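Only one structure is covered here, and it is reproduced in the block below.
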Amino acid sequence: MSYGRKITLKSSDGETFEVDEAVGSESQTIKHMIEDDCADNAIPLPNVTSKMLSKVIEYCKKHVETPKPDDNDELKAWDADFVKVDQATLFDIILAANYLNINSLLDLTCQTVADMIKDKTPEEIRKTFHIKNDFTPEAEEEVRKENQWAFE
Amino acid sequence: METRSAKRRKLLMDALQNETHKKPDLTDRISDLPEAILLKILFLLPIKTLAQTSILSKRWRALWLSFPDLDFTTINTSETNHPTKNNSKQSRKLHSRWNNPKTMDVLTQVLTFRDKNSDLRLLRFRGCFSFSHLNDLIRKATRFNVQELDVEISTEDYFNFPRCLITSESLRVLKIKSHYQGFRLPPISVMKTGFLFVHTLSLAFVILHNQPDLSDLFSDSSFPSLKKLSLEACFGLKQLRVGCRVLEEFTLENCFQLQVLDIFGARIERLRIVNCFDPKIGESLVKIDGSSLRYVMWEYNSVPNSCSLVNLSNLLGVCISFILSLEESVTKLQSLSNLLTGFSHARFLTFESPCIEILSILNSAVYIPQFNNLKCLELHTAFNMKNIPAALACLFKNSPVLHTLTLKISSEKYKIKNKRSQCKRDLWDVSSSEEEKFWESQIQNMKSFLHHLKQVEIHGFLGCANEVSLAKFLLKHGKVLEELILCTENKNRKDFLRQETSRLKLKGFSLANPNATIKFI
């Protein structure tokens, strides 16, 4: 099934991807470029690598192809699988979704990170995300006291 | 040719290389995210977790100390934190649960340590406070230029509305709900000068015995930015006029002593009035002048003595249920007619229980207006009283362009017993019962209705006399009727009905529109 004309997207490392206009328009950034008539040649996306662009396109394609209403259990399961990636990839997708202005993808990935933080102690959070503790032990103790209620 | 040791060295080198390639990425990607995205993630966390992140690193501490939204209702996410309305026993229980000195301190602590230069976007909390403590918290919040303040509180004594909220230039949304005791509004003259930037205001459990007349408060010159207004349980409120210039939505609930309601805001689009008006007062009055009004919910209100509804030609949807005692004065009945006439421009109309029952008892004592724009009509009724078909016929007759009719039949306990005895007859029996004869007698009156009706849905259909005669009548005479949908929860009944209906044509039952279909859900 075709969704109108095709547009070409070019990643930061020079790779080109041809997609349906509807799929590209899931990104507000790309949509505005199409509306401003900048889409006759390939749309350059200097902040998105080819690896990320193909991931994002995969997401947009699935979401355009799934009939609404969107609160579809199958789509939710697909989304849950989509974000089962290593941390580095997850953050790369967040940055790509932010740059390309794809709200649903940004929401999905942010919720995934929030879920990773939710039920962990601060020590566990540090370990998971490799956050460097730059407090001296005294300073850390002071901060803990400041927010004592949260640690009870 | 390679020597064995060279081969071994090569294998080792390869293995080492593989190790370095498999080495995981140990960079802290999360702290490097742009602040807007990191905040987006943090907005999804309950406040306790958020506070805990303050010890992760200096940057995270800075984020916590300037975090824009402080929603303390997420503190105990395991507890059900939804106090119910009007249930004093439950609210007293909550009163004791909230009366935890620790909760009070948490708020003060957080606001004290907070970065003084960072503004608060949202502050939301629930709890039991002393009047002075609550005042102190609110004052602190206004010093942080709070934009949205949403509080549900219980105090040991009446509290006076904090004045700093009135003059705040940052406040955009104010929601105060009080349990037990309640709060008093400041003098109207003071309130009228303030709230300059507030666009959403919600007040519940306001004590107005000392100032029952709020006619001047929400005039077209006060509350210049107000778009949404909700007033609930305003004890002692007797007179209210609402006409703020940019107001779009207004809700009034549980104001049982209300006598006069006058709504004249030129931009009001949605109106919801529930459980209001004092049935014992002789001089009650409602006036609505709403050129922008689109949706009205008028539910469980006693019919006031006088109703004046004008300029409602843009009305789209109305949902109505009124309360009327059965021995009402002529004035009240006239007033009910005026109410219905005022709503008669609607395109969608729902009559909830017990309207149909009341109309059927009152019979021709109430004038039913013409609903010339009505496209969809929904009626809720138990459909078990003698004059209901007459009331329905009157509504149908007055809805000349109706295209969808939905009938929701409720089954009350006593009714089910009767139903079982009546429902064994042959469903689509060609011979006419008394109810069917009545419907046949109405054909002339309902010509336009029968020429427009396209879809009918009957919920709670059990195949009893009343329902069946109506269904048969509509099928026999609905010239453009495309679909009749019958919904029932009783599975056995559904199968029996489906069986009976499949033999419809065999019994010589003729449909006005041969393409009409009957569906069972």
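In what follows, chains carry the letters A, B, and so on, assigned in the order in which the sequence lines appear, proteins first and then strands, with residues in each chain numbered from 1. Note that the coordinates shown come from a computational prediction; the quantities given were computed from them, not determined experimentally.
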key: For A114(A) against L45(B), the heavy-atom pair lying closest together   = O-CD2, 3.5 Å
query = Pick from E146(A), K118(A), R144(A): which one has the most heavy-atom pairs with chain B under 4.5 Å?
reply = E146(A)
ask   = In Å and rounded to the nearest 0.5 Å, what is the NZ to CD distance from K58(B) to E140(A)?
value = 12.0 Å
request  = Name the region of D119(A), side chain, backbone, both or neither, that has any atom closer than 4.5 Å to a heavy atom of chain B.
outcome  = neither
query = Is the closest side-chain heavy-atom distance between R29(B) and F129(A) below 4.5 Å?
reply = no
task = Specify the closest pair of heavy atoms between K120(A) and Q52(B), including all atoms of both residues, with the distance to one decimal.
result = O-OE1, 4.2 Å
task = Using non-hydrogen atoms and a 4.5 Å limit, figure out which bit of T49(B) sits close to chain A: side chain, backbone, both or neither.
result = side chain
message = What's the separation between atom NZ in K145(A) and atom CZ in F113(B), rounded to the nearest 0.5 Å?
response = 10.0 Å
ask   = Hey, are the side chains of I75(B) and W149(A) touching, using non-hydrogen atoms and a 4.5 Å cut-off?
value = yes
inquiry  = Can you tell whether the side chains of R59(B) and D134(A) come within less than 4.0 Å, N to carboxylate O?
reply    = no
request  = Could you give me the CA-CA distance, side-chain angles and deciding distance for N147(A) and W64(B), then say whether side-chain contact (heavy atoms from CB on, under 4.5 Å) is met?
outcome  = CA-CA 10 Å; N147(A) 301 292; W64(B) 162 244; 3.1 Å; yes
task = Nearest 0.5 Å please: distance from the CD1 atom of I37(B) over to the CG atom of L95(A).
result = 5.5 Å
query = If you look at every heavy atom in I117(A) and I41(B), which pair is closest and at what distance?
reply = CD1-CG2, 4.3 Å
ask   = Backbone N or O of L56(B) within a donor-acceptor pair of the R126(A) side chain at under 3.5 Å?
value = yes
query = In Å, rounded to the nearest 0.5 Å, how long is the span from NE2 of H130(A) to OG1 of T27(B)?
reply = 7.0 Å
key: Region of L33(B) that comes under 4.5 Å of a non-hydrogen atom in chain A   = side chain
query = Would N133(A) and S57(B) count as having a side-chain donor-acceptor pair, cut-off 3.5 Å?
reply = no
ask   = Do the side chains of I55(B) and F151(A) get nearer than 4.5 Å, heavy atoms only?
value = yes
ask   = Is the number of heavy atoms from other residues, nucleotides or ligands within 6.0 Å of CD (E142(A)) greater than 12?
value = no
task = Evaluate the side-chain proximity of K40(B) to L106(A): yes if any heavy-atom separation is below 4.5 Å, no if none is.
result = yes
message = Is any side-chain heavy atom of L44(B) closer than 4.5 Å to one of C110(A)?
response = yes
query = Does CD in E74(A) sit with more than 12 non-hydrogen atoms of other residues, nucleotides or ligands closer than 6.0 Å?
reply = no
